[in-house]
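Written out below as structure tokens is the structure these notes cover.
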Amino acid sequence: MSLACMGLLGGCTSMDVVSSPSQALSRDAARHTYLGAWAHQAEQRHEAISGMTLVSDGPTAFALRASLAAHAQKTLDVQTYILEDDRTGRALLRQMLQAAQRGVRVRLLLDDLTSRNKQAMLAAFDSHPNIEVRVFNPITAGRATRLTYYLALVANFDRKHRRMHNKLWVTDNAVAITGGRNLGDEYFEVDDELNFNDLDVMAVGPVVATLSGSFDSYWNHPLAVPLRQFASARNDAWHDLLVALGEDAAQGNALSTQPAFRRMVGESGRRLLDSLVWAPAIALWDSPHKLAVTGYPPFGLTVMDQLEGAFRRLDDEMLIISPYVIPTQAGIDYLKHLAQRGVRLTVLTNSLEATDVPSLHGAYAPWRPAMLKQGARLHELRGNPVAAPERAVGEISSLHTKAVAFDQDRVFIGSLNADPRSLWWNSELGLLIDSRELGQQLWDLARQGMSPTRSYQVTLDEDSSLRWETRRDGQWVTTGQEPGGLWRHLKAKVLRLLPIEHLL
């Protein structure tokens, strides 16, 4: 079915809206803002390196973003794969809108696939004169209904299945947060049913300007299309949205962000600066043009190309934390190469019972024996056995962290999963940091997840059959049957029958 037909089905729009280029606040101008001065008092003691802290706690990750929005004076740049219309998503949207009311320029860049069903809310947000919303790699036809939208996706699948997966929050080009978290309840551990173990890095110093450069490269790319191309609202629609978001807070439907305002001021601000680890760091990101090429993109456009030096420098051990691991034959060949060099791989990922996407587990499962035969240590986070109605809000259900430790003194933390989709089809972003202290912190987080009371260690027995070992109620438990319900097993097996591993 042609895109012309899609236009008949769902309302075809022409790409005739001109995107005006814009840039991040200059570093000199940033120093005249509150956050710029706050960060600079520490930066001047650490020339040419950046200050960073790992943010593994969901409520803290939310509070830091809310605080950065509350303290914004000039610019607020937010890039995300998902912005949910839920408690935390709406609370952060309110903070962004209030910043715009103070005269802050707000730029919100979203992936198209997850923004289509929120167009009315986003159009009202976009109606504020200090706010602009853009969507990346949009499907321009068939947007009226989900059916016609996905038909249009299929009609131009080679180009339109590629997603902007980057996550970035930068305030006044002075403080930045990047990592694995989208903007929604489950990423901040306040959802009633599903909550993710996730990881961000908050940074100040020279690396912030580089992160802002990554945002600008996407914002000013031809694939970043103004939302008003597809959806518009009256000029004062933002006012009604602000009232509605305020009513959420008044009725207790949104999280209170008041305590967050104190994080960057007074004694709490000094403690936060004192907690930063100062080290060399570089921001790495896929070229946005990676999503515009036909077929496989050149390897030189990918984050993995930029990480090759870190892989070559490995001496003893590598840690991969990823919710989705699909090594492919190329990965197994590389693992064999590492084993020959004496480098040992440790992997922490989701078990079938813990993953939020059981179908992807089907692509990972067949590779486990090959990984183990090459000496890899494989740990799978256990699912939460408590039924949803009895589960405590904030209880971790699934792994969403994306991180790599190269030996003990270098880490990469960002949005990159260990699968072909992140390598070839999504765009990704992260920080490569040379720091033994942060390396040890990441390994400590991994050890918590790999604890026998929280995960299964997967091994091979004498006849090369898989075994899952864990500790329950003080007793060691070993089984040869993969944990997970029947429906999850069926979902995993169905995908395994399809020849689409290279797209996952």
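Predicted model only: the values in this text are computed from it and were never measured. Start at 1 with the first residue, then count along the sequence.
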**Donor-acceptor contact present, side-chain Arg116 to main-chain Ile139, <3.5 Å** = no
**Request:** Go through the steps to decide whether Trp169 and Leu64 satisfy the test side-chain contact (heavy atoms from CB on, under 4.5 Å), and finish with yes or no.
**Result:** CA-CA 10 Å; Trp169 187 293; Leu64 286 172; over 6 Å; no
**Prompt:** Are any side-chain N or O atoms of Thr401 and backbone N or O atoms of Asn197, one a donor and one an acceptor, separated by less than 3.5 Å?
**Reply:** yes
**Message:** Would you say Asn426 and Arg421 are linked by a side-chain donor-acceptor pair, where the criterion is simply a distance under 3.5 Å?
**Reply:** yes
**Asked** Under 4.0 Å between a Lys/Arg side-chain N and an Asp/Glu carboxylate O for Glu43 and Arg45?
**Response** no
**Request:** For the residue pair Ser427 and Trp285, confirm or rule out a side-chain donor-acceptor distance under 3.5 Å.
**Result:** no
**Prompt:** Under the 3.5 angstrom rule, does the side chain of Thr114 hit a backbone N or O of Tyr81 as a donor-acceptor pair?
**Reply:** yes
**Aromatic centroids of Tyr334 and Phe311 separated by under 6.0 Å** = yes
I'd like a table of donor-acceptor pairs (distance under 3.5 Å, sequence neighbours excluded) in which one partner is a side-chain atom from residues 272-279, with atom names and distances.
{"from": "Ser275", "atom 1": "OG", "to": "Leu272", "atom 2": "O", "distance (Å)": "2.7"}

**Prompt:** How are the rings of His400 and Tyr187 set to each other: parallel, tilted or perpendicular (split at 30° and 60°)?
**Reply:** perpendicular
**Item:** Minimal non-hydrogen separation, Pro323 against Thr349, with atom names
**Value:** O-OG1, 3.2 Å
**side chain to side chain donor-acceptor pair (under 3.5 Å) partners for Ser415, two or more places apart** = Glu428
**Message:** Show, in sequence, the C-alpha distance, side-chain angles and deciding distance for Ile320 and Leu345, and conclude whether the side-chain contact (heavy atoms from CB on, under 4.5 Å) test is met.
**Reply:** CA-CA 8 Å; Ile320 294 177; Leu345 173 65; 3.8 Å; yes
**Request:** Examine Tyr364 together with Tyr324 and report whether their ring centres are nearer than 6.0 Å.
**Result:** no
**Request:** Determine, step by step, whether Gln23 and Asn220 satisfy the side-chain contact (heavy atoms from CB on, under 4.5 Å) criterion, reporting the C-alpha distance in whole Å, the side-chain angles of both residues, the deciding distance to 0.1 Å, and the verdict.
**Result:** CA-CA 8 Å; Gln23 307 296 327; Asn220 296 313; 3.5 Å; yes
**Message:** As a quick check of understanding, evaluate side-chain contact (heavy atoms from CB on, under 4.5 Å) for Asp240 and Leu242, giving each step before the final call.
**Reply:** CA-CA 5 Å; Asp240 290 342; Leu242 184 58; over 6 Å; no
**Prompt:** If we only count heavy atoms from C-beta on, is the Leu307 to Leu284 side-chain gap below 4.5 Å?
**Reply:** yes
**Fill in**
Shortest non-hydrogen pair, Met96 vs Leu76, comes out as CG-CD2, 3.6 Å
**Asked** To the nearest 0.5 Å, how far apart are CG in Asn166 and CG in Asp111?
**Response** 9.5 Å
**Prompt:** Which residues satisfy the side chain to side chain contact (heavy atoms under 4.5 Å, CB included) test with Ala100, sequence neighbours excluded?
**Reply:** Val106, His128, Asn130, Ile131
**Prompt:** Under a 4.0 Å N-O cut-off, is there an ion pair linking Arg228 with Asp126?
**Reply:** no
**Asked** Centroid-to-centroid, Phe412 to Phe406, below 6.0 Å?
**Response** no
**Fill in**
Here the gap from Leu109 atom CG to Glu132 atom CD, rounded to the nearest 0.5 Å, amounts to 10.0 Å
**Asked** Can you list the residues that meet the side chain to side chain contact (heavy atoms under 4.5 Å, CB included) rule with Gln408, with sequence neighbours excluded?
**Response** Glu317, Arg436, Gln440, Trp443, Arg447
**Request:** Would you please name every residue forming a side chain to side chain donor-acceptor pair (under 3.5 Å) with Glu84, sequence neighbours left out?
**Result:** none
**Request:** Salt-bridge test for Arg107 and Asp216: reply yes if a basic N is under 4.0 Å from a carboxylate O, no otherwise.
**Result:** yes
**Asked** Charged N to carboxylate O below 4.0 Å: is that the case for Arg87 and Asp185?
**Response** yes
**Prompt:** Any ion pair linking Asp172 and Lys74 (charged N to carboxylate O, less than 4.0 Å)?
**Reply:** no
**Complete:** Note: Ala69 and Gln95 closest approach over all heavy atoms is CB-CB, 3.7 Å
**Request:** Calculate, to the nearest 0.5 Å, the distance between atoms CG and CG belonging to Leu25 and Asn173 respectively.
**Result:** 6.0 Å
**Asked** Tell me, which pairs form a side chain to side chain donor-acceptor pair (under 3.5 Å) where one or both residues lie in residues 286-298, sequence neighbours left out?
**Response** Asp286-Lys290
**Item:** Lys402 with Asp200: basic N within carboxylate O range, under 4.0 Å
**Value:** no
